Amino acid sequence: MPESGQTCLKLKNLKVHYGSLEAVHDVSFDVPTEKIVSLLGANGSGKSTILKAVSGLMKLTRGEIWFQESRIDGRSPQDIILKGIAHVPERRALFPHMTVSDNLLMGAYSRKRATKKELEKDTEEVYQYFPVLREKRKSLAITLSGGLGEQLAIARALMAKPKLLLMDEPLQGIAPSVVRDIGKLINDLNRRGITILMVEHNISMSFELSDWIYILETGELAIQGAPEDLSQTEYVKQSYLGV
Amino acid sequence: MDEPSPKPILEIRNITKNFGGLTALNDVSFDLHPGEILGVIGPNGAGKTTLFDVITGRYRPSGGKVFHKGEDITGLKPHQIVQKGISRSFQLEVLFKNLSVFKHLVMSRHLHTQVGFWGSFFRTPGNRKEEEATEAEALELMRFVGLEVQGDRLGGNLSHGYQKSLGIAMALGPAPEILLLDEPLSALSPKRVTDILDLIRAIRDKGVTVMVIEHNMGALFRICDRVVVLSVGEKIAEGLPEEIKHNQRVIEAYLGGAVRA
Amino acid sequence: MKRRNLLGKKVGIAAVIVAFGLLPVFTQSPYWMHVFILMWIYIIVTASLRFTITMGEWSFAHVPLMGMGGYASALLAMKLGLSFWVALPLAVLITAFIAVFVYLPCLPTTGTFFFFASYAFGEVMRLCWVRFKNPFGGPAGLLFIPAPGPIRIPGIPAIEFGPLSKIPYYYTVFVFMLLSLLILYRLEQSRLGRIAEAVKESNLLAQFVGIRVWRYKMVILLIGSAFAAIGGSLYAHYTTLIMPVDFYWGLGIYIIIYTVVGGTRHFGGPIVGVFLFVLLRELLRPIVMYVPLVYGLILAGTLVFLPEGLISLPEKISAWAMKKKIAAA
Amino acid sequence: MTFAQFVQMFANGTMLGFQLSLFATGLTLVYGIMHIINFAHGELYMIGAFAVWFFFEELGINYLASLALAMAFVASLAITLERIFFKPMRGYHIPSFIMSTGLIFVLQVSIISFFGVKDKGVESVFPGLVKIAGVTLSVERLMIIPISLVVIVVFYVFLRWSRYGRAMRAVMQDPDGAALQGVSIDTVCSLAMGIGGAMAAAAGGLLAPIFVVNPFLGPPLAWEGFIVVCLGGRTSLPGTILAAFIMGYIKSFVSTLVDPIAALMCAAAILGVILIVRPQGLLGYEA
């Protein structure tokens, strides 16, 4: 259990099925407020499923999900994003044939009451953060490179003003030279007070970024710890670092 | 493996595959020697599965050739490749979801039933005998991969680990000389990993040449004789597991250049 | 237990066959004879459509190909003066030959694409009959298609087909139906049926266990077309007139509805479907205008509540009863 | 072919193009958002035509007001159908198609039981003829162009710049992504069905004074609309409109120069060829 601080997200005995296949067996863990937490594990170990369950895209078979003080399992994605959880899904799920600025406006969709002025202000703020996106605001999302696409996906999620950001493989399909930039970005967001729960295949980056790491294996929690401690364990050395 | 390698059973020569503007494989060449277990490793997006797809006829390569015992088999259809004795498993389990495990394996023996159409239409005695033989073979296959208890369950209802075993058994059905396994260890518990590794060894001991794609390097190094490393569509190294482990280029490609361990 | 069930099933099926075989003894009303003759023809067409569905693709060219059987057989009889007994097998061959050209372009496609591509090519073929007056007769179709020639069996008087009695037609169509069902059933139980199942479940995996998917798909489609052609030929020589509009997609939809409502997973499904709908129409004769409405509602209800068709109803009920029992205990 | 003939055919083709654009837009929306094939869309067109006939001829309401009323009525009917029948069919192409053919029966019979099978005529709203470039054309037919243009432009403005329009496009391009931004998929589905229904009704109402109104108008047009959708790219609205005009001109030119059956054959052949050769359609972007 990660020490210190309040709990932002709490999962209790989560069980999820894909059709008749059990994807998540029995998982409980906490995500402390304003930290970066990574979920690691091989393909099919249930990492993405957990994120989808949190954001409401998948129904639970059993278990509870608590966000801050309220129970959110069984709610629709619309309700959950209103609570302040944004999800940058696998392969980003951008709207490929919409412009960058339309994608950003979609990010603010859940804020029904926001006036046009507020939205413009927020868009401007996001553009300051991602200056390249401003240059490309009129181009279609499909024309963006991997790194820019990821920036757009994160920017879109920020438009919803989330307290918790779920990121599914933010570094996938990104040129090695840009990986560091995205890593820095994730760190920055965290420093601005956003809690981050991410799933990543790039082991070294997630060890570098995270405050706490959970490793899943076939739908169950195998091991957890702070990255410094974890990288010394036999288990991690054997299965991930290949030594 | 210091002795001069025997004549290769499969030669991959300058294979290139483009999808639209994307190059999935670029000028990849290597050999597969009879009786060995060859590991193909590389990070996500290295083109490993595409390589299998090219060898087994699912895709036609944009350039290069594949030779099987000296014969050019580039561009043959999947069923022709299977007839040549090269069969494969799939990474994300491709199964007959509504068929029982037993029926799966009977189906996989398809190529080896001699009965013609009329025999099976009129249920001749010869056909019945043939069918019994096929069923016996299917049972044996089931036992071999450790699925004998699961025989009546539907493919779609199996747990992930059993689906993996069934996938391998399906590939063994046509009695191949060369078996290509696509990430047989992904998402398995350490116990199951050991089981599957033992199974792969047992397959090799039966005289089948095995080529394995894997993401999990540590486990793979426990069984393979040689390793080929792909990264972003190119072969960056080839050699014994010990050499590969310490190859700087491999470590960089694989771990993103920031290993601390 | 299982064996006794099987025996019971066999006895039941035999009883049904005998009962319908003896039907003309009880009623010789031309009206009911007509209803049943058409019903047997629909069963041939529907069962053969289901046979093609076993490999996973839905053909929408099935009914036009049935029409092709009718046209081919009628033209052979009218232009070449061939007897029905010769024209029918020839028409089956011709239809299977033409089906190669209808289905060949569709084969690379699957699912929805196959469904509509097969419609498109079937429709082009059907429009040929409308457009080319010679020999197809244009929109008015073919009239005065000769009845089958008499059957002569030594020792009894020749069996004549004519407007006087429908009984010879009844038995001819009945026998054709039983034979077709028997052959289709045996085909499904044979290796071909098993291959069809594999192709349906996973096209990709089937290829990698060495099945020539395209070839088997084609073989299954051609067998389906051949049986559709038998249905078409019987229809043409029984009604003595056929028009292109008979084989419009409307009939195709009806056949598909029979299959879906009956249940595609089971051999008996389409038979149940045809029975239900044909008899329903007779029951609803006083309010004939509302028949399509009832059909539509039954279809919608089945699709929503019983996606595996009516034939799965007993299974569902017993499963439900079992659940109740367990809950009670 | 004389010049006058050409102009005549061109004008007819344009008119058909607008009719098909209005009609097929709804099919594309419903396909793109719900992944269903709704052949009962033709019935919405037919009911739209009947509604205009009823409001205009029977109740004596102003023509444009009748058109608006018909659009509102058909839109609510379409939303009801979506809620009851199509919700469980989302994502299932062939079952939804079969379901929609069942609805064709239901809707046709309902209309017949209210209004009978006889053809209904809607009297000419814009009588008269004009001479353009020496060719006589009826005002009636020409008036279709501005009215449908207005409907299409309003629809495009809605789709491009409104919150819900953006949400609709988003669901078409990535439903999960849209759900994660807080879009209610159910609302968008109903909206698509309603808008599609209204536009089909507009097409029916506009054509009512030119052709006759009867309960059997639906299915043939549904096929044409479906061909247009496949040709255009199934989820691409600009593609749909381009394809609608291509179909309109083919229909008009081939049926005049060859014969109407040949035009039908062309249409069916286009469907088959496009499904096989270029399944993503002219402007579609699916893989």
Side-chain angles (χ1 to χ4, degrees), chain B residues 52-53 56-58 76-90 92-100 103-124 127 130-131 134 154-156 166-167 169-176 180 182, chain C residues 2 6 51 53-56 96 107-108 110-111 179-223 226-227 263-267 269 307-309 312 315:
Chain B
F52 270 22
D53 287 340
T56 56
R58 193 172 171 197
L76 291 185
K77 294 267 174 317
H79 67 261
Q80 291 167 314
I81 300 278
V82 181
Q83 278 162 6
K84 298 263 175 224
I86 304 173
S87 86
R88 72 174 286 183
S89 74
F90 291 89
L92 298 170
E93 274 344 295
V94 179
L95 292 169
F96 302 134
K97 286 201 176 53
N98 293 311
L99 256 56
S100 71
K103 272 196 162 176
H104 267 86
L105 296 178
V106 169
M107 222 36 250
S108 77
R109 298 287 305 153
H110 165 88
L111 276 182
H112 295 266
T113 32
Q114 301 300 320
V115 259
F117 170 75
W118 296 111
S120 94
F121 184 74
F122 290 113
R123 288 198 192 153
T124 55
N127 162 56
E130 185 74 38
E131 226 147 67
T134 312
L154 298 186
L166 181 55
M170 287 295 287
L172 284 174
L180 311 182
D182 194 348
Chain C
K2 211 172 176 184
L6 212 66
F51 178 70
I53 293 173
T54 56
M55 59 88 176
L107 271 190
T110 57
L179 282 177
S180 307
L181 288 186
L182 182 70
I183 295 171
L184 287 172
Y185 183 75
R186 300 290 307 127
L187 282 174
E188 201 178 319
Q189 301 296 314
S190 77
R191 209 167 106 97
L192 189 66
R194 235 180 287 144
I195 289 172
E197 211 176 347
V199 170
K200 176 189 178 179
E201 290 293 329
S202 168
N203 213 317
L204 182 68
L205 186 54
Q207 286 177 47
F208 283 98
V209 295
I211 296 173
R212 271 185 260 182
V213 170
W214 279 37
R215 194 174 83 163
Y216 281 108
K217 272 189 169 176
M218 194 52 144
V219 165
I220 288 167
L221 287 167
L222 294 189
I223 292 174
F227 283 97
T264 50
R265 299 281 293 262
H266 192 282
F267 188 82
E308 283 174 36
S312 70
E315 227 174 277

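The basis for the numbers below is simple: all heavy atoms, side chains too, and nothing from hydrogens, waters or symmetry mates. In what follows, every chain begins at residue 1, and chains take the letters A, B, ... in the order their sequences are listed. Remember, predicted model here, so these are calculated numbers, not experimental data.
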Item to complete: Report yes if the side chains of B/Met107 and C/Ile211 come closer than 4.5 Å at any heavy-atom pair, otherwise no.
Response: yes
Discussion item. Does atom CD (C/Gln189) have a neighbourhood of more than 12 heavy atoms from anything else shown, all under 6.0 Å?
Written reply: yes
Practice prompt. For residues B/Leu95 and C/Ser202, report the shortest heavy-atom separation together with the two atoms involved.
Written response: O-CB, 3.8 Å
Fill in: When C/Val213, C/Val209, C/Leu205, C/Ile183 are compared by non-hydrogen pairs under 4.5 Å with chain B, the top option
C/Leu205
Worksheet item: Are any non-hydrogen side-chain atoms of C/Phe208 and B/Arg88 less than 4.5 angstrom apart?
Response: yes
Practice prompt. Indicate the atoms forming the closest heavy-atom contact of B/Pro78 with C/Gln207, along with that distance.
Written response: CG-OE1, 3.0 Å
Practice prompt. Verify the neighbour count for atom CZ of C/Phe267: are there more than 12 heavy atoms of other residues, nucleotides or ligands below 6.0 Å?
Written response: yes
Worksheet item: B/Arg58, B/Met170, B/Lys97, B/Gln83: which one forms the most heavy-atom pairs within less than 4.5 Å of chain C?
Response: B/Arg58
Practice prompt. Taking the side chain as every heavy atom from C-beta outward, state whether C/Leu204 and B/Phe90 have any pair of such atoms under 4.5 Å apart.
Written response: yes
Worksheet item: Ion pair present between C/Arg194 and B/Glu131, side-chain N to carboxylate O less than 4.0 angstrom?
Response: yes
Worksheet item: How many angstroms lie between atom CG of B/Asn98 and atom CZ of C/Arg265, to the nearest 0.5 angstrom?
Response: 5.0 Å
Worksheet entry | Segment of B/Lys77 engaging chain C (4.5 angstrom heavy-atom cut-off) | neither
